[in-house]
*Asks:* 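For reference, the structure I am asking about is given below.
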Amino acid sequence: MTQPAFQSSEHPQMVWQKISTILQDIIPPQSYLTWFKPIEALAYDQKTLTLRIPSQFCHDWIESHYHDPLHQAVKDVLGENIVVMYDINPGKPQIISERIAYREKSAPTSDYTSTLSISASYTHLNPRYRFSNFIEGDCNSFARAAALSLAETPGKNPFNPLLIYGGSGLGKTHLMQAIGNRAVELGRVKKVLYVTSEQFTSDFIKGIQDGKKDVFIKNYRNVDLLLLDDVQFFMTKEKTQEEFFHTFNSLHQVGKLLVFSSDRPPNELNGFDKRLVSRLQWGLVAEVQKPEYETRLAILKNLSKENGIDISDDIAHFLSVHISTNIRSLQSALIQLLAQSSLMGREITLDLAREAIKKQHNQPSYTISVDQIQEMVAREMDIPSDLIRSKTRKKEVVRARHIAMYLTTEYTILTQKTIGLHFGGRNHATVIHAVKVVNELIENNVKVREMIAKIRRDIDIALI
Ligand code: ADP
Ligand code: MG
């Protein structure tokens, strides 16, 4: 085991300086300046290092982008088993990185277990992921209800095991972690293990290599709730699948809770043992889908509230309209915006929002053209597409034009002025009017609402 290089009497700032030096070597200079330079060490007592961090979003950014380098640097300087605490609101330190408690208690102190507990430092339950900050929408309400029931209902649960599947960044990990946090809170379970399938695999391999498979088995089969994230990772790994199969059986037989996530439905888990695929579906299979506009808006509002920053309705609308496929991208655009505003002192304006989403290169907003949208709308409404750009004021054509303008606002990042130009040289006021008219139609006219939903699906398919 590494000996701590610092004693508790060391000044926390000196400790942090040493950690910073390591970080500066491994993190690009601009990122270091933005995210780590503002950090101050408040306290160090051989078990815990408390860092003051400027805001919640800095904390989230560091956790999602620099968790491993930071924790490695802390380990290099202070040795193992150090808990890093963050003081975000002065006076209210919040533990965000803790080892899984049961491992600390039950694992013997061999070299192997110490490796496991290091790995466990990034397989912890993250207290940030809760049901209370999980925004419900049509896209996820079924999965959420199943997750909540599993976390809260005592006794045998028909939803056990629960498999949550869906695309990346749609809230699978959040829901799984929320189950863990809630079940612990209610005292329904004592030992929870949240682990990614990658981690499961590497713990398994390490167990075999070190001749300590029994330790591996003990750790994984001695839990009340196992949360295993991203099982698609097992796809080509036969031996790991087999081990997972045994873990599954052993826990399921004694009524322990099991939750899995996958980025695809079970029937698309190619290369999976059939028995395993069948077991994954023994309980309930719930999909999380792409969020609809209202959910995206609510998520943004909630996130900005959590960060103590109010963004205007305009900006929230703009981001929700332009980032439609993935909640993670939505969050990171907002975080960028907040970072720019807080660290660079820039005001949050629509232009800044535009810049932030331009950075989201893989957003579909950039891959569909105005022409394509006009084509799709024209096809759906059975009119020639050039009429949309013409001067015609026929009712049917005006409606198609309005809908195409509306969808162009949603799927591209063009300004209203530029959009107007694509529609036969109309001005920006026409585009604003079109968006208003279509919003009202969506509200009051089922046929239009369904037609727009159909065109959106066509666009989404074209974007894949
Ligand atoms: P996945 O595991 O499906 O890739 P995550 O659970 O990691 O996605 O979600 C990505 C980010 O979006 C996380 O920060 C998560 O908190 C947030 N998020 C996802 N869905 C919601 C939701 N319904 N409400 C609030 N935040 C959400
Ligand atoms: Mg995930």
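In each ligand, atom 1 is the first atom listed, and ligand 1 is the first ligand listed. Heavy-atom basis, side chains included; hydrogens, waters and symmetry copies ignored.
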*Asks:* Exactly one of Val435, Ile403, Val370, Val377 should register a side-chain contact (heavy atoms from CB on, under 4.5 Å) with Thr408. Which one does?
*Replies:* Val370
*Asks:* Indicate yes or no: does Glu198 engage Lys237 in a salt bridge with an N to O separation below 4.0 Å.
*Replies:* no
*Asks:* On the 0 to 90° scale, with breaks at 30° and 60°, tag the Phe244-Phe248 ring pair as parallel, tilted or perpendicular.
*Replies:* perpendicular
*Asks:* So does Gly166 get a backbone contact from the side chain of Lys172, meaning a donor-acceptor N/O pair under 3.5 Å?
*Replies:* yes
*Asks:* Of Val437, Ile442, Leu441, which is the lone residue that meets side-chain contact (heavy atoms from CB on, under 4.5 Å) with Tyr406?
*Replies:* Ile442
*Asks:* Identify the residue among Leu125, Val184, Val189 that makes a side-chain contact (heavy atoms from CB on, under 4.5 Å) with Leu225.
*Replies:* Val189
*Asks:* Could you tally the protein N/O/S atoms lying less than 2.8 Å away from the Mg ion (ligand 2)?
*Replies:* 1
*Asks:* With no hydrogens and no angle check, do the side chains of Arg279 and Asn249 hold a donor and an acceptor under 3.5 Å apart?
*Replies:* yes
*Asks:* Name every donor-acceptor pair, under 3.5 Å, that has one atom in a side chain of residues 266-274 and the other anywhere in the protein, sequence neighbours excluded.
*Replies:*
unit_1 : atom_1 : unit_2 : atom_2 : d
Asp273 : OD1    : Arg275 : N      : 3.0
Asp273 : OD2    : Arg275 : NE     : 3.2
Asp273 : OD2    : Arg275 : NH2    : 2.9

*Asks:* Would you please name every residue forming a salt bridge (charged side-chain N to carboxylate O under 4.0 Å, His left out) with Asp229, sequence neighbours left out?
*Replies:* none
*Asks:* When you look for protein heavy atoms under 4.0 Å from ligand 1, which residues do they belong to?
*Replies:* Arg128, Tyr129, Asn133, Phe134, Ile135, Asn140, Gly167, Ser168, Gly169, Leu170, Gly171, Lys172, Thr173, His174, Ile299, Ile327, Arg328, Gln331
